[in-house]
Amino acid sequence: MNSAPLRIGVIGCADIAWRRTLPALAAHPDVRLTAIASRDPAKARRFAERFGGEPVTGYEALLERADLDAVYVPLPAKLHFAWVSRALESGRHVLAEKPLTATAEDTRVLVALAASRGLALLESFMFLCHSQHARVQELVAQGAIGEPRALTAEFGFPPMPDGRNIYRTDLGGGVLTDAGVYPVRTALLYFGSGLEVRGAHLRFDAERDVDVSGAALLTAPGGETAHLTWGADRSYRSRYALWGSTGRIELLWAYTPSAAHRPVLRIERQDHAEELTLPAEDHFAGAVTAFVRRVRDGVPSVLEGALVLEQARLVDEVRRHAAAGPVRTAPAPTSAGSPGTT
């Protein structure tokens, strides 16, 4: 086991990095946050003053440093391919925010590049690193709901203020890649590879020309179905449920729990219902730990591998099915203080 700290540089000063990921990186005992890069020198200084490391102006300048083992990339989706590929070509392991890229083909290229160079490439679907999902999987495997027949997964929140990346198509914005990917990844978590998109719909904001909500129906090779819904035009909701031959299990706050939140699982059977309260946990810290263990000790992670490719394929398929005739509507009013995605 390698005992030296993992020296990490950061490419980009995004809101998600400031609020959740960099606090987890800075707090990890086996990580040394070495440098933080932004195209804006003032922003790089502000981040470095809070989290440590040296402020760097420009992403290329960070990759030219000799004191980095890995990089964290929280850039907008459209910029991921260029900078993740450069980081891999420079010999650095990479933890990238979701989605890994904007297309399935770009994702395939990056995964192959990382494998060819023996480097770790993890997509930070941090919710997968929370043990509440492992508990659901354990209960399902024990027969708590019989044989799973269907999944419903929902993730939505109120409109966000204008100017956010979610509304910028030039940066890979849109609610499918910001929020819809969570229900899609949940379907893969429980039904595995081989899922097919049977129908999809994206609701567009006509003024911004960006999708603000959507839904999809997926089927698994065994006949199971996944009904997925997402949006940035509604009240907050973040949950999924598995419906089986003898019962139903629901996770009440699936995707954005705070580090202090104690998850609640609800199990329903024909003549019985119960709720289980689980320990609080920081899934951002879990994602950082998964990355460190993968880089230092070669421990496989749920944030890499075949399901990353399957995720990208399904998102492309959702877009293809929805492109047959999206309904464009007037822009929804914005409201500050939306919980957004984490």
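The shown structure was predicted, so the numbers you read here are calculated from the model rather than taken from an experiment. In this chain, numbering begins with 1 at the start of the sequence shown.
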Subject >> Test salt bridge (Lys or Arg N to Asp or Glu O under 4.0 Å) applied to Glu54 and Arg7, Arg65, Arg45, the passing residue >> reply: Arg65
Subject >> Test item: His93 side-chain N/O and Ala120 main-chain N/O as donor-acceptor pair under 3.5 Å >> reply: yes
Subject >> Asp211 side chain to Val175 backbone, donor-acceptor under 3.5 Å >> reply: yes
Original post:
Under 3.5 Å, is there a donor-acceptor pair between the Thr219 and Thr225 side chains?
Top reply: no
Original post:
Looking at residues at least two apart in the chain, or sitting in another chain, which of them share a side-chain hydrogen bond (donor to acceptor under 3.5 Å, both in side chains) with Arg262?
Top reply: none
**OP:** Return the orientation label for the Phe51 and Phe47 ring planes: parallel under 30°, perpendicular over 60°, tilted otherwise.
**Re:** tilted
Subject >> Leu88 CG to Leu110 CG distance, which is reported to the nearest 0.5 Å >> reply: 6.5 Å
Original post:
Do Ser193 and Glu310 pass the side chain to side chain donor-acceptor pair (under 3.5 Å) test, and can you show the C-alpha distance, the side-chain angles, and the key distance before you say yes or no?
Top reply: CA-CA 7 Å; Ser193 59; Glu310 281 288 278; 4.8 Å; no
Subject >> With Glu317, the side chain to side chain donor-acceptor pair (under 3.5 Å) member among Arg319, Arg313, Arg320 >> reply: Arg320
Subject >> Aromatic ring proximity Phe125/Tyr182, centre distance under 6.0 Å >> reply: yes
**OP:** Name all residues meeting the side-chain hydrogen bond (donor to acceptor under 3.5 Å, both in side chains) criterion together with Trp253; count only those two or more places apart in sequence or in a different chain, and write none if there are none.
**Re:** Tyr236, Thr256
**OP:** Step through the shown structure and confirm whether more than 12 heavy atoms of other residues, nucleotides or ligands are within 6.0 Å of CZ on Arg149.
**Re:** yes
Original post:
Do the side-chain N and O atoms of Tyr59 and Ser38 include a donor-acceptor pair separated by under 3.5 angstrom?
Top reply: no
**OP:** Go through the side-chain N and O atoms of His133 and Tyr190 and say whether any donor and acceptor fall under 3.5 Å apart.
**Re:** no
Original post:
Is it the case that Thr34 and Asp67 place a side-chain donor and acceptor less than 3.5 Å from each other?
Top reply: no
Original post:
Does the pair Arg92 and Val84 meet the rule for a side-chain contact (heavy atoms from CB on, under 4.5 Å), with working shown?
Top reply: CA-CA 9 Å; Arg92 274 54 178 257; Val84 170; over 6 Å; no
Subject >> Exceeds 12 heavy-atom contacts within 6.0 angstrom, atom CD of Glu138 >> reply: yes
